[in-house]
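Labels below follow one simple rule: chain letters A, B, ... track the order of the sequence lines, proteins then strands, and each chain is numbered from 1.
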Amino acid sequence: MSLKVFNTEARALGAFVPLEAGKVRVYACGPTIYDHAHIGNFRTFLFFDVVHRHLEWSGYDVRFVMNLTDVDDKTIKGAVAAGRSVADFTRPFGDAFLSDCRRLGMLAADSYPRATEYIRQMVDFVARLIDKKHAYVAEDGAVYFSVASFPRYGRLKGIDTSTLMAGARVSQDEYEKEDARDFALWKRAVAADEQASAAWDSPWGRGRPGWHLECSVMSLTELGDTLDLHLGGEDLVFPHHENEIAQSEASTGKQFVRNWLHVKHLQVEGRKMSKSLGNFVTVRQLLDEGFDPASIRHQLLSAHYRSDLNFTRDGLDASRSAVQRLVDFDDRLAAAPTGPGAATELPPVSAETLEAFRAAMDNDFNTADALGALFGMVSRVNALLDARTTVPSDDVKSVRDALASMDRVLGLLQLARAARSVDDSVAAWVEERIQARADARKRKDFAAADAIRAEIAARGIAIEDGPAGTRWKVTDASAARVG
RNA sequence: GGCGCCGUGGCCAAGUGGUAAGGCAGAGGACUGCAAAUCCUCUAUCCCCGGUUCGAAUCCGGGCGGCGCCUCCA
């Protein structure tokens, strides 16, 4: 068994075989930074992160690149409206995006190329396509890719564009194109572009890159002519990725991407997310509402990436409970009484779970199935632990190792831990209160003891009495952190 | 209109030919001063109708329902 992925181009599950054994080149279509990224964007980006993590977990040497598009129609429009250059306009959004990524526990990419840093390479790229007769300069000074020069056009989406576009789809303002299917590689600069400092010199006059061109040039520059994986949202299949294939392969003469993976769009509270519906949710908004990053991460990973996923606040609450179960389990393992004794079923359970987990992830990154394997282990191990007073430390270690291993892919525990830490002063206060409660309990003054417990609970901290004494845990980080 | 996807217990969600993972919620029980955590037990023949098959949630046909893309969009 090894990794299988659903390649959009093949429309089928196939064995993942990187161009170079042991090494994987991944290009992830990142955000256009003209606004804050929303939760729908993050379904996609979080999936990218899981791909990234699982490849590394599987032992591959991964080079992971995610671009930040900082020049396109919307960016320029926004910059002009703000009276700034695209560079100044996009910087804060780019910073905020990377910050959101960290908040959600995403691994850093090896590189985050911004389009404006690759203008030189883009110009060279376009010149090469013109040389090869795959592109032409139109009368308006723009450069277009000639789709007719690339016979394989349409194979990603699986459409025959020669017939599909034969109709009256030619918009009035694009008459300079020789063929309605042709798309802009380089756009002639207009006043707004200059105003936003989004225009550069080129052999064809002042202008700026077309959107599709940006990704091709950045990916080829950063990763070479052939990528093992190119990831994106489902909306990008056509025309964005189709165009990338055309221009890239026309330029290099080599296969551009071996595997295309596309993530299905997220629904929010049962509907497509859009600004007009007013159900646009950003990550920072959810965090401000008090939701735990780990809950968000859990819900976004709770369904397979090619399935519908309806993001809801109720679901977030359910995810919070699920994550808490994991944290409690981890705590229990850390405190499990160990001692000599007969071997337990723990090691084989750990091994079986890891195997099931791996199989799930290898099956086109089936995170829902993988979570099932993980939680199955939680139940089985809890039951085994209940049945014994002590277990050999090696046995416990096998479970802890398995849990930590799986979490290197899921990233839930580490994230949950980060949100549940408190200042030393808070910890000291809790310890003091617990001692006071212990005294009250010793006096059988349960009313006082319960009052103290309520006092602690009000600070977002729960306590649990066990044979080894009273333990406490943070359940509501936002309340607990307040010193 | 074109292309495509989906419909599994109260909610979420795996499972693509051999008689239904997991999470959340709920009920009862054990443990507990009470809780919490944990465990045990309980709640599904998989939208409907046909068909193929020894056997289907899984394949085929039809129906009903929901959704996505086709336009800037992750």
field: N or O in side chain of A:Arg325 less than 4.0 angstrom from B:U38 OP1/OP2
entry: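 Checking B:U38 against A:Arg325, a side-chain N or O does come within under 4.0 Å of OP1 or OP2.
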query: Any side-chain N or O of A:Ser379 under 4.0 Å from OP1/OP2 of B:C40?
result: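 So the side-chain polar atoms of A:Ser379 never come under 4.0 Å of the phosphate oxygens OP1 or OP2 of B:C40.
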Can you tell which of [options] lies closest to the side chain of [X]?
X: A:Asn382; options: B:C39, B:G15, B:C69; value: B:C39
X: A:Asp386; options: B:A36, B:U38, B:A74; value: B:U38
X: A:Phe375; options: B:A74, B:G15, B:G23; value: B:G23

message: Test of understanding: with ring-ring contact (aromatic ring centres under 6.0 Å, His included), list the residues that count as partners of A:His240, not counting sequence neighbours.
response: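 ring-ring contact (aromatic ring centres under 6.0 Å, His included) list for A:His240, sorted by chain: A:Trp211, A:His212.
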Quick one: label [X] by what it contacts on the DNA or RNA (base, sugar-phosphate, nothing), any heavy atom closer than 4.0 Å.
X: A:Arg441; result: base
X: A:Leu385; result: nothing
X: A:Gly233; result: sugar-phosphate
X: A:Arg437; result: base
X: A:Gly30; result: sugar-phosphate
X: A:Ala368; result: base
X: A:Ser307; result: sugar-phosphate
X: A:Gln267; result: sugar-phosphate

query: Is the shortest distance from a Lys or Arg side-chain nitrogen in A:Lys473 or A:Asp331 to a carboxylate oxygen in the other one below 4.0 Å?
result: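 Salt bridge between A:Lys473 and A:Asp331, a charged N being under 4.0 Å from a carboxylate O: no.
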- prompt: Heavy atom of residues 446-458 of chain A under 4.0 Å from RNA chain B: which residues?
  reply: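 By residue number: A:Phe446, A:Asp450, A:Arg453.
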Interface residues of residues 105-112 of chain A with RNA chain B (non-hydrogen, below 4.0 angstrom):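 Under 4.0 Å from RNA chain B: no residue of residues 105-112 of chain A.
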Base B:C5 to side chain A:Asp308, donor-acceptor N/O within 3.5 Å cut-off: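 For A:Asp308, whose side chain was compared with the base of B:C5, there is no donor-acceptor pair (under 3.5 Å).
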- request: Measure from the ring centre of A:His304 to the centre of the six-membered ring in the base of B:A14, then say whether that distance is under 5.5 Å and the planes meet at under 30°.
  value: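 Aromatic stack with B:A14 absent for A:His304.
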task: Measure from the side-chain N and O atoms of A:Asp228 to the backbone N and O of A:Arg25, and report whether any donor-acceptor pair falls under 3.5 Å.
output: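 Yes, because the side chain of A:Asp228 sits within donor-acceptor range (under 3.5 Å) of the backbone of A:Arg25.
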